[in-house]
Number of protein chains: 2
Amino acid sequence: MPKSYPAPARFPVTVDVVALTVSEDVLNVLLITRLIKPFRGALALPGGFVLAGEDLVTAAGRELAEETGVEQIPGHLEQLGSYGPKGRDPRGDVLTVAHLLLAPNFPVLSAGSDAEHAAWYPVSQVLEGVLKLAFDHERILADALERARSKLEYSPLGVAFCGEEFTIAQLRAVYEAVWGTRLDPRNFHRKATGTPGFLEDTGRMTTGDAGRPAALFRLAEAARPLTGQPTRAVLNPPLMRPRD
Amino acid sequence: MPKSYPAPARFPVTVDVVALTVSEDVLNVLLITRLIKPFRGALALPGGFVLAGEDLVTAAGRELAEETGVEQIPGHLEQLGSYGPKGRDPRGDVLTVAHLLLAPNFPVLSAGSDAEHAAWYPVSQVLEGVLKLAFDHERILADALERARSKLEYSPLGVAFCGEEFTIAQLRAVYEAVWGTRLDPRNFHRKATGTPGFLEDTGRMTTGDAGRPAALFRLAEAARPLTGQPTRAVLNPPLMRPRD
DNA sequence: TCGATTTATTGTCAAGGTGACGATAACTAC
DNA sequence: GTAGTTATCGTCACCTTGACAATAAATCGA
């Protein structure tokens, strides 16, 4: 007998974004202060409803742009995962598709007083429970963090946190902030510069900083993530974070 | 000014499942023959609508059970990713949350003639274009395959393709089928048995097969995936698939 | 101007993991 | 029994990594 299809339930679908950046050696996440119920006044991930005829990543980018006042969001945006319609919003079943943005530190516009206010907060503050997030956003943040941490191991996405050009030390600071560990500068330098197809020397150097000037690198052409393709396993063998 | 929320669009939400298994050294995927339009008569991934009050993985498991006639689906089921409402179904915007099942080979009930018929097909047949899939299911399958391949590298999920107890050679056959490569039996044996916390010797042996009897192993307690937790990186350093 | 300090970069060395492959062990098939 | 097959144990050269010495090239402070 043909299956009797229940009336195809329709769900409100939102996109949320875990936007991460490294600022002054600290990993930060972009949060907004909610102006409407539920969780009014609480901190939450930026996000909003998907519009008809819109794609998921597109919606995520649009919401991010709207809520930060930044037109062109820099960095690498990818889908993280979906969080089931059941029991995550007191108003009813809402499906949310979480996204992950790895971005260089960009300033968010401190919007007018009655718009939702977006700002960067240290991730550690959330993990330690100093800051509480609305809905199931703490779990989403935890998943995003784990995704980011593992991506740094085998993909070139660590550079998404840096500007167009960066030093090895800046890249190392990214790894240290995301992983929450210290890495030996000499060994990191060897791995970063010694991995074929990862970094390209721009020929230029930093000036004005303390200490010896550092060479500026950019992501090698071959390591650029192809849109739609899975991020390539450029770091092979991977650059593993220290365990234990 | 407060953002003017457009009427929260609601979308039909489906779950699809890429169910993979290894049978006779060949990687297979579970496909159904569609009985209704669109793509009537074509092959597609099993799946269906999410019901109100249902979670995503739950829905995926339910649909799988319904369409195979198997009550308790074995193996490891996890979310793969979501595929945007835009332009993937000629009937309109439908959001689908794809899932991945890694399972030992289980027989699907050849249901009555007018139910959707589910069966295992070699993945290679789809990749080579011999079999065409409905909707964007070929892309979903490709993503699932990549996910499965990379999971075998660092997680213990290869054993999800095996029964409760298995030999090293059976596990190696899984790796070879999923990765599409040959692996040196001696080196694989060394890595599999030499990784602490991965496998447990049951003390029992195979009998009746050709060649020397093999020891039977099971997944070590410490490597069991905790539900809700990210699958653990038991294989550390990872067991990398050969590149090039 | 001259160390002192800071950071970048190049090496060195031992330990551990991997790929390639030899050698046995312990069965089944005939 | 003998041949064939598969499992398991070893060996060895090579590569990568972690720990750490040494040098290079700037800024900073007096």
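Computation of the quantities below employed the complete heavy-atom set of this structure, encompassing side-chain atoms and omitting hydrogens, waters and symmetry-equivalent molecules. Worth saying up front: this structure is predicted, and the values here are computed from it rather than measured.
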Verdict with reasoning, B/Thr167 to B/Thr206, per side-chain hydrogen bond (donor to acceptor under 3.5 Å, both in side chains):
CA-CA 8 Å; B/Thr167 67; B/Thr206 56; over 6 Å; no

Looking at C/dT6, D/dC12, D/dT16, which one has an atom nearest to any side-chain atom of B/Arg190?
D/dC12

Please report the distance, rounded to the nearest Å, between CE in A/Met240 and P in C/dT18.
11 Å

In plain terms, say whether A/Arg241 and A/Glu146 are close enough for a salt bridge, that is, a side-chain N and a carboxylate O under 4.0 Å apart.
yes

Could you check whether B/Thr21 and B/Asn28, counting side-chain N and O atoms only, form a donor-acceptor pair closer than 3.5 Å?
no

Between B/Lys191 and C/dT18, is there a contact of a side-chain N or O with OP1 or OP2 at under 4.0 Å?
yes

Does A/His189 put a side-chain nitrogen or oxygen below 4.0 Å from OP1 or OP2 of C/dA8?
no

How do A/Pro213 and B/Asp184 order along DNA chain C: which one's closest nucleotide is nearer the 5' end?
A/Pro213

Over how many whole Å does the gap from B/Met205 atom CE to C/dA25 atom P extend?
15 Å

For D/dA7, does the base pair up with any side-chain atom of B/Arg172 as donor and acceptor (N or O, under 3.5 Å, distance only)?
no

Atom pair distance, as rounded to whole Å: CZ in A/Arg204 and P in D/dA26:
17 Å

Distance, rounded to the nearest Å, where A/Asp209 contributes CG and D/dA25 contributes C1'
13 Å

With a 6.0 Å cut-off on ring centres, are A/Tyr175 and A/Phe188 close enough?
yes

Pair A/Arg62 + A/Glu66: basic N to acidic O under 4.0 Å:
yes

Could you check how far CD of A/Glu153 sits from P of D/dT17, rounded to whole Å?
12 Å

Side chain of A/Arg212 only, heavy atoms from C-beta on: which candidate in C/dC21, C/dA26, C/dA8 is closest?
C/dA8

Distance, rounded to the nearest Å, where B/Arg182 contributes CZ and C/dC21 contributes P
16 Å

To the nearest angstrom, the CZ-P distance between B/Arg243 and D/dC15 comes to 19 Å

For the side chain of A/Asn187, starting at C-beta, report the closest nucleotide among C/dA25, D/dG18, C/dC21.
D/dG18

B/Arg186 (side chain) and C/dG22 (base): donor-acceptor pair under 3.5 Å:
yes

For B/Leu171 and D/dA7, what is the distance between atoms CG and P respectively, to the nearest whole Å?
12 Å

